[in-house]
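Notes follow the structure.
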Amino acid sequence: MPQTQQVFDTAITSSTPRPLVIWHGLGDTALSDGISDFVNRVKQKYDGIYIHSARIPPDGTPDDERKAGFWGNAEEQGDQGCEQIKAIPELSDGFDAIGFSQGGLFLRHYAQFCDGPPVKNLITFGTPHYGIAALIPCPTPPTLSCLLAARAARGGIYTAWAQSHIIQAAYFRDTDRLDEFYGVNTFVRDLNGEGPAGVHRSESARPRPKEGGGRGLGGLENMVAIAFDDDRTVSPALSAHWSAYEPDNKTVTVPLNESALYAADWIGLRALHERGRLWLESCPGEHMELGGEGGCADRMVDRWVGVR
């Protein structure tokens with residue numbers, strides 16, 4: 001582990017809070033000012049907590065990390081995170097996890113397909129769990145990596161090349177082009193247990209097996225999915241709650257409890273809900289407006305992080 005990572009690492013004892021893993025969002029880095037500020041606030045709340053912020057590539061520079069948020073193979077990056085987490089002794093008994101935006105998808109990949117220590121509480125902020133139907137806008141001013149990735153994606157987002165080389169393509173789920181999506185996508189499609197046959201499945205159908213075995217999310221202690229009330233970055237915004245546009249009709253959003261994913265319980269969300277362990281929460285403001293000290297994110301941390 002790079003020496004700079006030690007800013008997040010403290011010794012753990014039997015009396016310390018449960019460890020925490022963080023996976024940052026698009027265009028961010030493991031040690032950015034925003035992530036560091038958030039980590040420091042968590043440490044102030046929970047003395048001695050061990051926190052690991054995932055870094056992809058593991059030995060990359062901040063520029064390498066920002067580039068990896070746009071370019072690469074999403075499943076391979078998820079697997080890198082799996083190996084990174086498995087190698088940390090302080091996480092061996094399990095941990096809570098917080099995913100910011102697309103970072104939540106990588107933590108789901110870990111929870112569902114990695115053979116490492118278990119995730120206990122999984123908390124996601126603005127994560128497009130059911131994919132996006134429009135590309136996430138580039139920041140202002142735009143980075144070259146973002147502009148190039150967006151241009152390449154628009155040129156053919158459902159090509160095999162785009163699906164394996166552009167991160168946003170791996171969770172681009174256009175409900176006007178579902179046949180193409182089911183035929184080529186393997187990341188968010190399989191995270192949600194849809195499989196190559198798509199949504200037209202029997203009630204008894206189970207998620208398509210994947211190398212390593214997809215466990216779904218039913219084994220979590222709690223799944224906490226947080227949407228932003230004024231999110232104009234993710235489309236649809238309530239993809240953060242597994243809502244999706246109706247096929248061939250982007251004026252209608254289908255909520256989770258009316259979806260086949262929920263009815264057939266492809267990944268365990270219905271079982272979690274029936275046990276009182278699925279929490280669909282919201283924060284005020286735009287995408288990733290966490291509220292700073294004492295804001296919405298801190299309140300979620302107070303409720304869901306640090307429990308033994």
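No hydrogens, no waters, no symmetry mates; every other heavy atom, side chains included, goes into these values. Remember, predicted model here, so these are calculated numbers, not experimental data. Numbers for residues simply follow the sequence, beginning at 1.
- Between the side chain of D229 and the backbone N or O of G285, no donor-acceptor pair lies under 3.5 Å.
- Taking CD of Q80 as the reference point, atom CZ of F106 lies at 9.5 Å (rounded to 0.5 Å).
- The OG atom of S36 sits 6.5 Å away from the CG atom of D33 when rounded to the nearest 0.5 Å.
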- Message: Run L191 and I267 through side-chain contact (heavy atoms from CB on, under 4.5 Å) and show every step you take.
- Response: CA-CA 8 Å; L191 284 179; I267 58 171; over 6 Å; no
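- Within the 4.5 Å cutoff, no side-chain heavy atoms of T124 are placed close to those of L107.
- Taking OH of Y158 as the start and OH of Y182 as the end, the distance is 9.5 Å to the nearest 0.5 Å.
- Summarising the local packing, CG of D302 is surrounded by more than 12 heavy atoms from other residues, nucleotides or ligands at distances under 6.0 Å.
- The closest donor-acceptor contact from the side chain of D96 to the backbone of V305 lies at 3.5 Å or more, if one exists at all.
- Hydrophobic clustering of Ile, Leu, Val, Met, Phe, Trp and Tyr side chains at less than 4.5 Å, counting indirect connections, keeps Y171 apart from V254.
- When side chains are defined from C-beta on, H241 does not count as touching P255, because their heavy atoms never get closer than 4.5 Å.
- At a threshold of 4.5 Å between non-hydrogen side-chain atoms, the residues I88 and Y50 count as touching.
- Under the 4.5 Å side-chain criterion, counting only non-hydrogen atoms from C-beta, S101 is not in contact with L26.
- The backbone N or O of S239 lies less than 3.5 Å from no partner atom in the side chain of S243, so there is not a single donor-acceptor pair.
- With N73 contributing its side chain and E76 its backbone, the two residues share a donor-acceptor pair below 3.5 Å.
- Taking both residues in full, the closest heavy atoms of G69 and I167 are given as O-CB, 3.5 Å, listed atom of the first, atom of the second, then distance.
- Residues L91 and V21 form a side-chain contact, since some pair of their non-hydrogen atoms from C-beta on lies under 4.5 Å apart.
- Residues I35 and L31 form no side-chain contact, since every pair of their non-hydrogen atoms from C-beta on lies 4.5 Å or further apart.
- Closest approach of E286 and D231 over heavy atoms only: OE1-CA, 3.6 Å.
- Counted by atom type alone, H273 and N257 present zero donor-acceptor pairs between their side chains at under 3.5 Å.
- Residues I226 and A240 share a closest heavy-atom pair of O-CB, 3.8 Å.
- Side-chain atoms of Q163 and F187, non-hydrogen and from C-beta on, never get closer than 4.5 Å to each other.
- Put simply, the side chain of T159 does not reach to within 4.5 Å of the side chain of V184, judged on heavy atoms.
- Less than 6.0 angstrom separates the ring centroid of Y110 from the ring centroid of F95.
- Cation-pi geometry between R189 and F181 is not met: the NZ or CZ atom fails to fall both under 6.0 Å from the ring centre and inside 45° of the normal.
- The distance from atom OG1 of T253 to atom OH of Y245, rounded to the nearest 0.5 Å, is 5.5 Å.
- Side-chain contact of E246 with T175: a donor-acceptor pair under 3.5 Å is absent, judged by distance alone.
- The nearest pair of heavy atoms linking A169 to I157 is CB-CG1, 3.7 Å.
- With respect to K250 and D174, a salt bridge is recorded, a charged nitrogen being found less than 4.0 Å from a carboxylate O.
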- Start with the C-alpha distance between W279 and N222, add both sets of side-chain angles, then the distance that settles side chain to side chain donor-acceptor pair (under 3.5 Å), and finish with yes or no. CA-CA 7 Å; W279 307 85; N222 290 282; 2.9 Å; yes
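- Using a cutoff of 4.0 Å between basic side-chain nitrogens and carboxylate oxygens, E194 and R173 are scored as salt-bridged.
- The structure places CZ of F113 at 12.0 Å from SG of C82, a figure rounded to the nearest 0.5 Å.
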- Is there a salt bridge (Lys or Arg N to Asp or Glu O under 4.0 Å) between R66 and D28 once you walk through the steps? CA-CA 6 Å; R66 282 187 283 267; D28 207 350; over 6 Å; no
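- A ring-centre distance under 6.0 Å is not found for W242 and Y130.
- Checked for salt-bridge contact, R18 and D93 miss the test: no charged N lies under 4.0 Å from a carboxylate O.
- Under the 3.5 Å distance criterion, the side-chain polar atoms of E65 are matched with a main-chain donor or acceptor of A30.
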- Item | Residue pair I166, W71: steps toward the side-chain contact (heavy atoms from CB on, under 4.5 Å) verdict | CA-CA 5 Å; I166 302 173; W71 296 96; 4.0 Å; yes
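- Under a 3.5 Å cut-off, the side chain of R277 and the backbone N or O of M223 do not form any donor-acceptor pair.
- L105 and L238 fall into different hydrophobic clusters, where Ile, Leu, Val, Met, Phe, Trp and Tyr residues are linked whenever their side-chain heavy atoms come under 4.5 Å apart, directly or through other members.
- Put simply, the side chain of H165 gets close to the backbone of W161: a donor and an acceptor are under 3.5 Å apart.
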- Hey, mind stepping through H24 and S32 against side chain to side chain donor-acceptor pair (under 3.5 Å) and telling me if it holds? CA-CA 9 Å; H24 64 77; S32 69; over 6 Å; no
- Task: Check the pair D64 / T61 against side chain to side chain donor-acceptor pair (under 3.5 Å), numbers first and verdict last.
- Result: CA-CA 5 Å; D64 292 334; T61 67; 3.2 Å; yes
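- Side chain of D179 to main chain of G183: no donor-acceptor pair is present (N/O by atom type, distance under 3.5 Å, no hydrogens or angles).
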- Task: List the steps, then state whether side chain to side chain donor-acceptor pair (under 3.5 Å) holds for T127 with Q102.
- Result: CA-CA 5 Å; T127 294; Q102 77 176 20; over 6 Å; no
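- The minimum heavy-atom distance linking Q84 with R55 is given by the pair NE2-O, 2.7 Å.
- Salt-bridge annotation for E281 and R299: absent, with no side-chain N of the basic residue lying under 4.0 Å from a carboxylate O of the acidic one.
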- Begin from the C-alpha positions of I98 and W304 and carry the test side-chain contact (heavy atoms from CB on, under 4.5 Å) through to its verdict. CA-CA 10 Å; I98 292 178; W304 300 111; over 6 Å; no
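- Taking SG of C283 as the reference point, atom CD of E289 lies at 10.0 Å (rounded to 0.5 Å).
- For the pair K67 and D63, the salt-bridge criterion is not met [side-chain N within less than 4.0 Å of a carboxylate O].
- The two residues F172 and L135 have their closest heavy-atom pair at CE1-N, 3.8 Å.
- Remark: of the listed residues H129, R108, Q112, R108 is the sole one forming a side-chain hydrogen bond (donor to acceptor under 3.5 Å, both in side chains) with N192.
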- Decide side-chain contact (heavy atoms from CB on, under 4.5 Å) for D79 and H109; before the verdict, give the C-alpha distance in whole Å, the side-chain angles of both, and the deciding distance to 0.1 Å. CA-CA 8 Å; D79 291 343; H109 179 89; 2.9 Å; yes
